[in-house]
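Take a look at the structure below.
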Amino acid sequence: MTGLGAIFRIIGAAIAFTLALAGASHARGLNDAEKASLSATVSDFNGAIKSANIDRISQTVPPRIFDLLAKKSNVDAAVIRETMLQLLKSAMDEAPFEAFSMDVQNAAFKETPQGEPYALIPTEVAIAIDGKRFKVSTHTLALIDGETWYLVRVSEQQQIALLREAYPSFVAEEFPESRTEALN
């Protein structure tokens, strides 16, 4: 399953969940407009995954993630984004999704210790690799920055470490583990 892990690490780098840049000093729930915006973002993202719209998928990666990767590699963030687009396209060509869904209706709404709201959205992916089919049950982190939602898959330790480095308010947050099962 090394290939599967590599593909999901690449896809995970592209799938990013909203990271709250403004450090709220008090806890707050999501207002109706934010909930509607989250639902629209998830719906749009589901469509982008199903149609393999790589550019739209990449737009859900928080800019701070691109900036951090650029700083670490001493390369412009636009170059990092373009490289990620190419890797994601290649990964999706090699192992296209058979099914993809994010269940925003069953999202868990939480907040960081600083009171920044976020959502953990149950996510399922069915994928075929070398004639073998797998189903991955995971969660996607949705974080809001201003009025924009970003999505980040938080099932790989490398992704979580990058998230926490870019957004220290998530350093103490725990994320559910993913499960992978063979379908054939």
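It should be emphasised that the depicted structure is a prediction, and the values quoted were computed from it without experimental measurement. Numbering of residues begins at 1 and proceeds along the displayed sequence.
In this structure, V136 and S178 approach most closely via the heavy-atom pair CG1-CB, 4.4 Å.
Residues V171 and L163 do not share a hydrophobic cluster, clusters being chains of Ile/Leu/Val/Met/Phe/Trp/Tyr side chains in contact below 4.5 Å. With hydrophobic clusters built from ILVMFWY side chains whose heavy atoms lie under 4.5 angstrom apart, F66 shares a cluster with V75.
Salt bridge status for E173 with K110: absent, with no side-chain N to carboxylate O gap under 4.0 Å. At a threshold of 4.0 Å, the pair D55-K89 does not count as salt-bridged, since none of the basic side-chain nitrogens sits closer than that to a carboxylate oxygen.
Between the S37 side chain and the A33 main chain, no donor and acceptor come within less than 3.5 Å of each other. In this structure, Q86 contributes its side chain and T83 its backbone to no donor-acceptor pair below 3.5 Å. Between the side chain of S39 and the backbone N or O of K35 there is at least one donor-acceptor pair closer than 3.5 Å.
Interatomic distance, CZ of R81 versus CD1 of I65, reported as 14.5 Å (0.5 Å rounding). One distance of note links OG1 of T148 with CD of Q59; it measures 10.5 Å at 0.5 Å rounding. Atoms CG and CZ, on L69 and R64 in that order, are 13.0 Å from each other to the nearest 0.5 Å. Separation of atoms CG (L68) and CG (L162) is listed at 5.0 Å; rounding is to 0.5 Å. Rounding to the nearest 0.5 angstrom, the gap separating the CG atom in D44 from the CD1 atom in I49 is 11.0 Å. Once rounded to the nearest 0.5 Å, the distance linking OG of S137 with CG of D103 reads 11.5 Å.
Within a 6.0 Å sphere centred on CZ of R164, other residues, nucleotides and ligands contribute more than 12 heavy atoms. Around atom CD of E181, more than 12 heavy atoms belonging to other residues, nucleotides or ligands sit under 6.0 Å away. Shown here is K132, whose NZ atom has no more than 12 heavy atoms of other residues, nucleotides or ligands within 6.0 Å.
Aromatic pair Y167/F170: ring centres not closer than 6.0 Å. In this structure, F109 has its ring center no closer than 6.0 Å to that of Y118.
Using a 4.5 Å cut-off on side-chain heavy atoms (C-beta onward), S155 and H139 make no contact. Inter-residue side-chain proximity for L88 and S58 is flagged as unmet; no heavy-atom pair is nearer than 4.5 Å. Taking the side chain as every heavy atom from C-beta outward, E98 and R133 approach each other to under 4.5 Å.
In this structure, R56 forms no cation-pi arrangement with F45, as its terminal cationic atom is not both closer than 6.0 Å to the ring centre and no more than 45° off the ring axis.
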Given side chain to side chain contact (heavy atoms under 4.5 Å, CB included), test V104 with T41 step by step and report yes or no.
-> CA-CA 10 Å; V104 75; T41 297; over 6 Å; no
Working for side chain to side chain contact (heavy atoms under 4.5 Å, CB included), residues L120 and V154 = CA-CA 9 Å; L120 287 171; V154 288; 4.2 Å; yes
Intermediate values then yes/no, side chain to side chain contact (heavy atoms under 4.5 Å, CB included), I144 and E34 = CA-CA 8 Å; I144 193 166; E34 290 168 330; 3.7 Å; yes
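Remark: the T123 side chain and the R153 side chain contain no N/O donor-acceptor pair separated by less than 3.5 Å. There is no side-chain donor-acceptor pair under 3.5 Å between E124 and S101.
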